[in-house]
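Here the structure comes first, spelled out in structure tokens, and everything after it is commentary.
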Amino acid sequence: MRSWSSPDVPSLAELGLGVGPVVRVHDTATRDLRPSDPAETARLYVCGITPYDATHMGHAATYLAFDLLQRAWRDHGLDVDYTQNVTDVDDPLLERALATGVDWMDLAAREIELFREDMTALRIIPPANYVGAVETIDLVVGLIDRLDQAGSVYRVDEDLYFDVHADAGFGAVSGLTEEQMLRIFPERGGDPDRPGKKHPLDCLLWQAERPGEPSWETRLGKGRPGWHVECAAIALEHLGTDFDVQGGGSDLVFPHHEMSASEATVATHEPFAQSYVHAGMVGFEGEKMSKSKGNLVLVSKLRAAGHDPMAIRLALLAHHYRSDWEWFGEEITAAEKRLAVWRAAVSRTVAPSGPDLVTVIRTAMTNDLDAPSALDAIDAWAADDSAADPQAGRTVRTAIDTLLGVKL
Ligand code: 5CA
Ligand code: ZN
């Protein structure tokens, strides 16, 4: 499906500043920082939205994290091949459509369009391949066939399940014990207690048609794909195996990323991804952000209230992508102040050394995307009126655009 338009990402190398260091990011599977340094092209998959609601600050924070990763890779001289999915048919979407009396396809189309607008406003680099589940049914069927050939598929009533223990490495992404998995699984769409399953953690691959729900006629029968196998099929099709980074919010570590990785590995006999990178969860004043609590902080609402999208972006950048944090309303005011200070600072005719600050920003960003440290360094540079580099304003303005995506 259509992606959104890309922000311009200026090249620091073209300003004579060379390239940035190798990017290191935290890998959930090894619980360590890992260098990510492919030969030419970095391959990235990030789990996209389920389009039943508008983009909130948590979604925005997650997509911003992977935008920063792409900027750091590019600054190191790499191309990036980026795929993101849209879960445009799934239980939460169908439930919301039913509850609000809207056609599920119209609901999805409306929310996807709003998401595109929010991402464009926030200057988030778009995926080259933006792929919906609905347009991927054939790919999913193909992957389920491969899993079946590997002997890892079984039937419960008319539905198809994946035998997670067909993958000897099952559990390697999350590092959770079986007890922990069993606790989390039902909270995140799993059905451990369904009679007929071989193991409680086995996950749904194909759901046979249910009355009143959309379905597709395929050689597996009439039905629709399970969630995890969708992302596995899309990633394998567009990126191949053993791609550089599988990303999303930390709520996806288990079961989603664990299951997708196992399914892909059993089907291909190759690793799914090299690193699994997860953004922390954003809450609201001490609570989980959720529609039912009525406390969603929507990017579109902040924009409509007149807040500069670059201030929204700066407010998000003030938190390390891996930390869980809470949104409090005053953050946007602080970000607006910072934006004004920076805009004035880069407009100075002379300023402290630009290249020195660029080195500090690059070091911070390639050290697990440490945006808060980069912001601190820029604040200090903006407050310093001691030196006299006539090029500094231009250099720093470009670096902030290139590496942090903030247009001053
Ligand atoms: N469609 C699936 C992924 S295949 C899904 O999780 N959709 S979502 O709309 O619920 O979330 C979209 C992305 O935002 C996911 O990467 C998810 O991990 C992330 N996300 C969801 N809620 C939050 C939150 N409160 N804070 C940070 N990231 C979040
Ligand atoms: Zn996904």
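Atoms within a ligand are numbered from 1 in the order they appear, just like the ligands themselves.
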**Prompt:** How close do L107 and A97 get, heavy atom to heavy atom, and via which atoms?
**Reply:** CD2-N, 3.8 Å
**Request:** Measure M57 to ligand 1 on non-hydrogen atoms and call it side chain, backbone, both or neither using the 4.0 Å cut-off.
**Result:** neither
**Request:** Answer with yes or no whether Y63 contacts ligand 1, where contact means a heavy atom under 4.0 Å from a ligand atom.
**Result:** yes
**Prompt:** Would you say G280 touches ligand 1, if touching means a heavy atom closer than 4.0 Å?
**Reply:** yes
**Prompt:** Applying a 4.0 Å heavy-atom criterion (strictly less than), which segment of V46 is in contact with ligand 1: side chain, backbone, both, or neither?
**Reply:** neither
**Request:** Output yes when E113 and R116 qualify as a salt bridge under the 4.0 Å nitrogen-oxygen rule, no when they do not.
**Result:** yes
**Prompt:** In ligand 1, which numbered atoms sit nearer than 4.0 Å to a non-hydrogen atom of T87?
**Reply:** 1 (N), 2 (C), 4 (S)
**Request:** Enumerate the atoms of ligand 1 whose separation from the nearest heavy atom of T62 is less than 4.0 angstrom.
**Result:** 16 (O), 19 (C), 27 (C), 28 (N), 29 (C)
**Prompt:** Which atoms form the tightest heavy-atom contact between G248 and H257, and what is the distance?
**Reply:** N-CE1, 4.0 Å
**Asked** Numbering the atoms of ligand 1 from 1, which are under 4.0 Å from a heavy atom of C231?
**Response** 4 (S)
**Item:** Contacting atoms of ligand 1, where contact means under 4.0 angstrom from a heavy atom of I49
**Value:** 1 (N), 7 (N), 9 (O), 12 (C)
**Asked** Got the closest protein heavy atom to atom 8 (S) of ligand 1, with its distance?
**Response** T50 N, 3.8 Å
**Item:** E14, CD atom: more than 12 neighbouring heavy atoms under 6.0 Å
**Value:** no
**Asked** Looking only at heavy atoms, which two atoms of S275 and R34 are closest? And how far apart?
**Response** OG-CD, 3.8 Å
**Item:** Metal site the Zn ion (ligand 2): N/O/S of H228 inside 2.8 Å
**Value:** no
**Request:** Could you check Y321 against Y63 for ring-ring contact (aromatic ring centres under 6.0 Å, His included), going step by step and ending with a plain yes or no?
**Result:** CA-CA 10 Å; Y321 83 95; Y63 297 113; over 10 Å; no
**Request:** Just let me know how H256 lines up against ligand 1, side chain, backbone, both or neither, with a heavy-atom cut-off below 4.0 Å.
**Result:** side chain
**Prompt:** What's the shortest distance from atom 3 (C) of ligand 1 to any protein heavy atom, and which residue and atom give it?
**Reply:** G48 O, 3.2 Å
**Fill in**
Here the atoms of ligand 1 under 4.0 Å from any heavy atom belonging to G249 are 16 (O), 17 (C), 18 (O)
**Request:** Show your working on side chain to side chain donor-acceptor pair (under 3.5 Å) between H256 and D251 and close with a plain yes or no.
**Result:** CA-CA 9 Å; H256 187 50; D251 57 332; over 6 Å; no
**Request:** Looking only at protein heavy atoms, identify the closest one to atom 26 (N) of ligand 1 and say how far it is in Å.
**Result:** V282 N, 2.9 Å
**Request:** Kindly check if the number of other-residue, nucleotide or ligand heavy atoms within 6.0 Å of CD (E187) is above 12?
**Result:** yes
**Message:** Just to verify, which of D202, D191, D157 counts as forming a salt bridge (charged side-chain N to carboxylate O under 4.0 Å, His left out) with K197?
**Reply:** D191
**Proximal atoms of ligand 1 relative to G248 (non-hydrogen, under 4.0 Å)** = 16 (O)
**Request:** May I ask you to check whether S250 has an N/O atom sitting below 3.5 Å from an N/O atom of ligand 1?
**Result:** no
**Message:** Considering non-hydrogen atoms of the protein only, which is the closest contact for atom 18 (O) of ligand 1, and what is the distance?
**Reply:** D251 OD1, 2.6 Å
**Message:** How large, to 10°, is the angle at the Zn ion (ligand 2) when you draw lines to SG on C47 and to SG on C231?
**Reply:** 120°
**Message:** One pair to check against ring-ring contact (aromatic ring centres under 6.0 Å, His included): Y52 and W104. What are the steps and the verdict?
**Reply:** CA-CA 9 Å; Y52 64 94; W104 64 276; over 10 Å; no
**Proximity to ligand 1 by part of L252, non-hydrogen separation under 4.0 Å** = side chain
**Prompt:** Under 4.0 angstrom from ligand 1, any heavy atom of H56?
**Reply:** yes
**Message:** Which of the numbered atoms in ligand 1 are under 4.0 angstrom from any heavy atom belonging to C47?
**Reply:** 3 (C), 4 (S), 15 (C), 16 (O)
**Request:** Would you mind checking which non-hydrogen protein atom is closest to atom 20 (N) of ligand 1, with the distance to 0.1 Å?
**Result:** H59 CD2, 3.9 Å
**Which residue and heavy atom of the protein sit nearest atom 27 (C) of ligand 1, plus the separation** = G58 O, 3.1 Å
**Item:** Taking every non-hydrogen atom, the tightest pair across L160 and I144
**Value:** CD1-CG2, 4.0 Å
**Asked** Applying a strict 4.0 Å limit to heavy atoms, is H278 in contact with ligand 1?
**Response** no
**Request:** Around atom 4 (S) of ligand 1, find the nearest protein heavy atom and jot down its residue, atom name and distance.
**Result:** W227 NE1, 3.1 Å
**Prompt:** Do you see a donor-acceptor pair shorter than 3.5 Å between the side chains of Y161 and R194?
**Reply:** yes
**Asked** Which heavy atom of M57 sits nearest a heavy atom of L302, and at what distance?
**Response** SD-CD1, 3.8 Å
**Message:** Tell me the contacting part of A279 for ligand 1: side chain, backbone, both, or neither, using a 4.0 Å heavy-atom threshold, strictly below.
**Reply:** neither
**Request:** Mind running side chain to side chain donor-acceptor pair (under 3.5 Å) on E331 and H319 for me, showing each step along the way?
**Result:** CA-CA 11 Å; E331 305 227 1; H319 299 272; 2.9 Å; yes
**Request:** Tell me whether H257 has at least one N, O or S atom under 2.8 Å from the Zn ion (ligand 2).
**Result:** no
**Prompt:** Hey, mind stepping through K198 and Y154 against side chain to side chain contact (heavy atoms under 4.5 Å, CB included) and telling me if it holds?
**Reply:** CA-CA 9 Å; K198 288 189 188 164; Y154 64 93; 3.7 Å; yes
**Item:** Which of the ligand 1 atoms, numbered from 1, are nearer than 4.0 Å to a heavy atom of N85
**Value:** 4 (S)
**Prompt:** So which heavy atom on N85 is nearest to which on G48, and how close?
**Reply:** OD1-N, 2.6 Å
